[in-house]
Amino acid sequence: LDIFLLRSLEREYYKLTDTCSDFKKKLSADLRVTFPGYNTIFSDITSNSSIAILSDYPTPQSILDAPKDTLVNILTTKSRQGLTKKKKKYSKLIDMAKEATIIGIPLDALAFKISSSIKIIDTFETEISNLLKEIHLLINSSNFPNQIKKNIELIDSIPGIGTLTAVTLIAEIGDIDGFLKHICSFMLLINA
C-alpha cells in the first residue's frame, strides 16, 4: 500500500512537470512571435523576474508604457542581482520592446494567451511543490516502512542521484528483494 501510494504520487509529479514544461514551451513560442528577443534578456523566461514582468506587462507596448521605477522595482525585488545589473537589464528590456513593436506581431489574443499561460504555469508549479511536500511527508511519516526508507536512503547516497530519483526508483521497483530475485532468474535464463 505504501509503495502504491508513493508510486501514485511520483507518477503524478512527473505528469504535472511534463505538462508544465509544455506550457513553458508554448509561452516561449508565443513570446518569439509577439516579443522577439525577449529570451535574450531573460535566460529563463519563467524566472521570477521574467514572470513578474510578463504578468503585468505581456506585450512590448505595455512594457514601453510602464513606469521605469515600476519595472526596475520588479526586477530588483524578484531577482538577486545588484541594482546596476537591474538597470542594464531594464535598458535592454526597453530596447528589445522598441524593436519588438516594429518586428513583432502585435496580436492582443497572444497577449491574452501569454497571461493565461503564466497563470497556468504558476498553478502547475504550486501543485508540483505541494506534491513534493506530500511525497516527503509520506516518506518521513512514522508509519512508513523503515526498509523502504533505508532503500531510498541507500540509492540517494549514490553520487549524482538525488532524493526524487531514489524515490522514483524505489516506487517503480517496489520490493527490492523481489526485484533482485527476478533479475537473478533472468540472468540464469540468459546464461542457460
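- No side-chain donor-acceptor contact under 3.5 Å links Lys98 to the backbone of Leu64.
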Derivation of the side chain to side chain donor-acceptor pair (under 3.5 Å) call for Glu134 and Asn130: CA-CA 6 Å; Glu134 194 62 35; Asn130 290 340; over 6 Å; no
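- Distance check, rounded to the nearest 0.5 Å: NZ of Lys150 to CD of Glu153 gives 9.0 Å.
- Under 4.0 Å is where a charged nitrogen must lie from a carboxylate oxygen, and between Glu12 and Lys15 at least one such pair does.
- Taking NZ of Lys119 as the reference point, atom CD1 of Ile114 lies at 12.5 Å (rounded to 0.5 Å).
- Between Ile74 and Ser49, the closest heavy-atom pair is CG2-O, 4.2 Å.
- Note that the OG1 atom of Thr46 and the CD1 atom of Ile121 stand 6.5 Å from one another [nearest 0.5 Å].
- At a threshold of 4.5 Å between non-hydrogen side-chain atoms, the residues Asp30 and Phe35 do not count as touching.
- Put simply, the side chain of Leu6 reaches to within 4.5 Å of the side chain of Leu138, judged on heavy atoms.
- Considering all non-hydrogen atoms of both residues, Glu127 and Leu16 come closest at CB-CD1, 4.0 Å.
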Residue pair Tyr38, Ser28: steps toward the side chain to side chain donor-acceptor pair (under 3.5 Å) verdict: CA-CA 9 Å; Tyr38 186 84; Ser28 179; over 6 Å; no
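- Looking at Ser50, its side chain never comes within 3.5 Å of a backbone N or O of Ser47 through a donor-acceptor pair.
- Arg32 has its side chain out of reach of Pro36: every pair of non-hydrogen atoms, C-beta onward, lies at least 4.5 Å apart.
- A side-chain donor-acceptor contact under 3.5 Å links Thr59 and Ser62.
- Of all non-hydrogen atoms in Leu75 and Lys89, the two that sit nearest each other are CD2-CD, 4.0 Å.
- In this structure, CD1 on Ile94 lies 6.0 Å from CG on Leu71, to the nearest 0.5 angstrom.
- Between Lys24 and Glu125, at least one side-chain N (NZ, or NE/NH1/NH2) sits under 4.0 Å from a carboxylate O, which counts as a salt bridge.
- Leu137 and Leu164 fall into different hydrophobic clusters, where Ile, Leu, Val, Met, Phe, Trp and Tyr residues are linked whenever their side-chain heavy atoms come under 4.5 Å apart, directly or through other members.
- Side-chain contact between Leu31 and Asn39 is absent, with no heavy-atom pair separated by less than 4.5 Å.
- Ile158 and Ile170 end up in the same hydrophobic cluster when Ile, Leu, Val, Met, Phe, Trp and Tyr side chains are linked at under 4.5 Å.
- Residues Tyr57 and Asp65 are not in side-chain contact: their nearest non-hydrogen atoms beyond the backbone lie 4.5 Å or more apart.
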Criterion side chain to side chain donor-acceptor pair (under 3.5 Å) on Tyr14 and Thr168, from CA distance to verdict: CA-CA 10 Å; Tyr14 286 111; Thr168 301; 3.0 Å; yes
Derivation and outcome, side-chain contact (heavy atoms from CB on, under 4.5 Å), residues Lys149 and Asn140: CA-CA 8 Å; Lys149 284 182 190 179; Asn140 295 321; 5.6 Å; no
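- With contacts defined as side-chain heavy-atom distances shorter than 4.5 Å, the pair His136/Val167 does not qualify.
- For the atom pair Ile152 CD1 and Ile161 CD1, the distance stands at 12.5 Å (nearest 0.5 Å).
- A donor-acceptor pair under 3.5 Å is absent between the side-chain atoms of Asp2 and the main chain of Phe144, judged by distance alone.
- Put simply, the side chain of Ile51 does not reach to within 4.5 Å of the side chain of Ile45, judged on heavy atoms.
- For the pair Lys26 and Phe23, the cation-pi criterion (under 6.0 Å, within 45° of the ring axis) is fulfilled.
- To the nearest 0.5 Å, atom OG of residue Ser117 and atom CZ of residue Phe112 are 9.5 Å apart.
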